[in-house]
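Chain identifiers are assigned alphabetically (A, B, ...) following the order of the sequence lines, protein sequences preceding nucleic acid strands; residue numbering begins at 1 within each chain. The model shown is predicted, which means the values in this text are computed figures rather than measured ones.
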There are 2 protein chains.
Amino acid sequence: MKLSTKGRYAVTAMMDLAIHDRDGPVTLADISNCQGISLSYLEQLFAKLRQTGLVEGVRGPGGGYRLGKPANQISVADIVVAVDESIDSTRCKGNLDCNKGERCLTHHLWNDLSERLYEFLDGISLSEFIKDPEVRKISRRMDSTASRIANMFPPVSKAS
Amino acid sequence: MKLSTKGRYAVTAMMDLAIHDRDGPVTLADISNCQGISLSYLEQLFAKLRQTGLVEGVRGPGGGYRLGKPANQISVADIVVAVDESIDSTRCKGNLDCNKGERCLTHHLWNDLSERLYEFLDGISLSEFIKDPEVRKISRRMDSTASRIANMFPPVSKAS
DNA sequence: CTAATACCCTACTAATTTACTAAGGATTTT
DNA sequence: AAAATCCTTAGTAAATTAGTAGGGTATTAG
């Protein structure tokens, strides 16, 4: 179990998808704009999320990404594991005999802890965040139609 | 909240200290040998642990490091926070108005999660690991006197 | 008192990972 | 057919992690 900014990006992006799930697919360009992450980097993250079935890509105009399964079946642990490839926990891969079998002990303890952490994060599903009262309030404000209309008037670029 | 190999090194080293607490100070050289981490790197980690009062250095021959407070008052979160300086959670530091106030939402949600994670790790103290039955068994095998005797006969280095 | 032990500190370097860029497909809708 | 959007690969710059080097300083044993 590892946890870095990469994992955070993935989790927040997935939260975004979960919140707007009923509004049809969310484009990576949207997430890129709104969360300040580069498009290509997002594409890399989503490649991994797609491989593990956590999201589903919809091609063509009007396409984007959608959750690969119901929000209540996607845990935070699933997301983190998908993108933050796990730490190689010990130097004595599996065999408990490093250092004459004496103090590899702490590796054993770390594994215990790591497992507990995983279970904790596995117990938190995306659906929990959609229920957050803050979310309901804000996501109503920026309803899908509103954002679609907004997209019809893109920011003016410098005259050529 | 961030979690990398650095944090793992610190946590396992602290477990080591906790297990051998009654045997007097543990030297960094010991930990370095047994866990395969370089001495200087350990010194860097322990500098941070010392600054936050989690450990206490004992100088001179027979010295080493000792827990700075009782094992049940040191949580895994304490250790991780001390060495793995926390992730800068958002681009909109504190002010919730990034991206026209609309989708900074996910940052809020991430903070929620991060806080929950912290609380979880804060609820796990070092003393829990000492109670582990595996630990009692193994640490009895390598009693302090035994390891001290062993230290009097260091491995022979190549003849010069 | 001296020498050995082991903490303590600073600065540098190598390796790895993260974040990003570039550039070109492949699909699907309009 | 053209536009939108996913999809893929390859490369690169920045940051972080891990480790080296080399010098202290305090304390204890002899």
Side-chain angles (χ1 to χ4, degrees), chain A residues 2-13 17 24-33 35-68 80 82-88 91 148 151-152 154, chain B residues 2-13 17 24-33 35-68 80 82-88 91 148 151-152 154:
Chain A
K2 193 177 167 184
L3 196 52
S4 65
T5 53
K6 203 167 170 181
R8 178 165 60 84
Y9 284 157
V11 171
T12 54
L17 256 58
V26 176
T27 71
L28 291 191
D30 266 10
I31 299 180
S32 170
N33 286 335
Q35 299 204 20
I37 314 170
S38 86
L39 185 61
S40 293
Y41 193 45
L42 272 175
E43 284 181 338
Q44 283 171 50
L45 296 183
F46 272 76
K48 292 187 180 177
L49 294 174
R50 210 173 55 80
Q51 277 160 32
T52 49
L54 293 178
V55 299
E56 189 178 42
V58 180
R59 292 180 150 185
Y65 279 97
R66 190 185 288 154
L67 293 183
V80 171
V83 299
D84 259 341
E85 60 276 353
S86 79
I87 233 163
D88 61 328
R91 309 225 166 183
R148 233 162 237 165
N151 281 336
M152 295 178 191
Chain B
K2 194 177 164 181
L3 197 52
S4 65
T5 53
K6 204 169 173 181
R8 177 164 61 85
Y9 284 158
V11 170
T12 53
L17 256 59
V26 176
T27 70
L28 290 191
D30 267 10
I31 300 180
S32 170
N33 285 336
Q35 299 204 20
I37 314 171
S38 85
L39 185 60
S40 293
Y41 193 45
L42 272 175
E43 285 182 338
Q44 285 172 48
L45 296 183
F46 272 76
K48 292 188 181 179
L49 294 174
R50 211 173 53 81
Q51 278 160 31
T52 50
L54 294 177
V55 299
E56 190 178 40
V58 181
R59 290 179 151 190
Y65 279 97
R66 190 186 289 154
L67 293 184
V80 171
V83 300
D84 259 341
E85 59 278 351
S86 78
I87 233 164
D88 60 329
R91 309 223 167 184
R148 233 162 238 165
N151 281 336
M152 295 177 192

Practice problem: Among Val55(B), Val26(B), Leu17(B), Val58(B), find the one that has a side chain to side chain contact (heavy atoms under 4.5 Å, CB included) with Arg66(B). | Solution: Val58(B)
Atom pair distance, as rounded to whole Å: [atom1] in [X] and [atom2] in [N]:
X: Arg59(A); N: dA3(D); atom1: CZ; atom2: C1'; answer: 15 Å
X: Arg66(A); N: dC7(D); atom1: CZ; atom2: P; answer: 12 Å
X: Lys48(A); N: dC6(D); atom1: NZ; atom2: C1'; answer: 18 Å
X: Gln51(A); N: dT8(D); atom1: CD; atom2: P; answer: 7 Å
X: Arg50(B); N: dA6(C); atom1: CZ; atom2: C1'; answer: 13 Å
X: Tyr9(A); N: dC20(C); atom1: OH; atom2: C1'; answer: 10 Å
X: Tyr65(A); N: dT5(D); atom1: OH; atom2: P; answer: 13 Å
X: Ile31(B); N: dA6(C); atom1: CD1; atom2: P; answer: 13 Å

Exercise. Using a 4.0 Å heavy-atom cut-off across all strands, classify Ser40(A) as base, sugar-phosphate, or nothing.
Key: base
Exercise. Quick one: closest heavy-atom pair of Leu45(B) and Ala10(B), and the distance?
Key: CD1-N, 4.3 Å
Quiz item: Can you name the nearest heavy-atom pair linking Leu39(A) to Ala29(A), along with the distance?
Solution: CD1-N, 3.7 Å
Nucleotide nearest [X] (side chain, heavy atoms from C-beta), chosen from [options]:
X: Glu43(B); options: dT8(D), dC8(C), dA26(C); result: dC8(C)
X: Lys6(A); options: dG19(D), dT18(C), dC7(D); result: dT18(C)
X: Leu28(B); options: dC20(C), dC7(D), dC7(C); result: dC7(C)
X: Ile37(B); options: dA6(C), dG19(D), dC7(D); result: dG19(D)
X: Asp84(B); options: dT17(D), dG24(D), dC6(D); result: dT17(D)
X: Tyr41(A); options: dT21(C), dT18(C), dC8(C); result: dT18(C)
X: Ser38(B); options: dT20(D), dT18(C), dT16(D); result: dT20(D)
X: Pro61(B); options: dT28(D), dT25(D), dT17(D); result: dT28(D)
X: Ser4(B); options: dT17(D), dC7(D), dT17(C); result: dT17(D)

Exercise. Considering just the side-chain nitrogens and oxygens of Lys2(B), establish if one lies under 4.0 Å of OP1 or OP2 belonging to dT18(C).
Key: no
Exercise. List the steps and the verdict of side chain to side chain contact (heavy atoms under 4.5 Å, CB included) for Arg50(A) and Tyr65(A).
Key: CA-CA 9 Å; Arg50(A) 210 173 55 80; Tyr65(A) 279 97; 4.1 Å; yes
Quiz item: Hey, are the side chains of Glu43(A) and Phe46(A) touching, using non-hydrogen atoms and a 4.5 Å cut-off?
Solution: no
Quiz item: Could a donor-acceptor pair under 3.5 angstrom be found where the side chain of Gln44(A) meets the base of dC20(C)?
Solution: yes
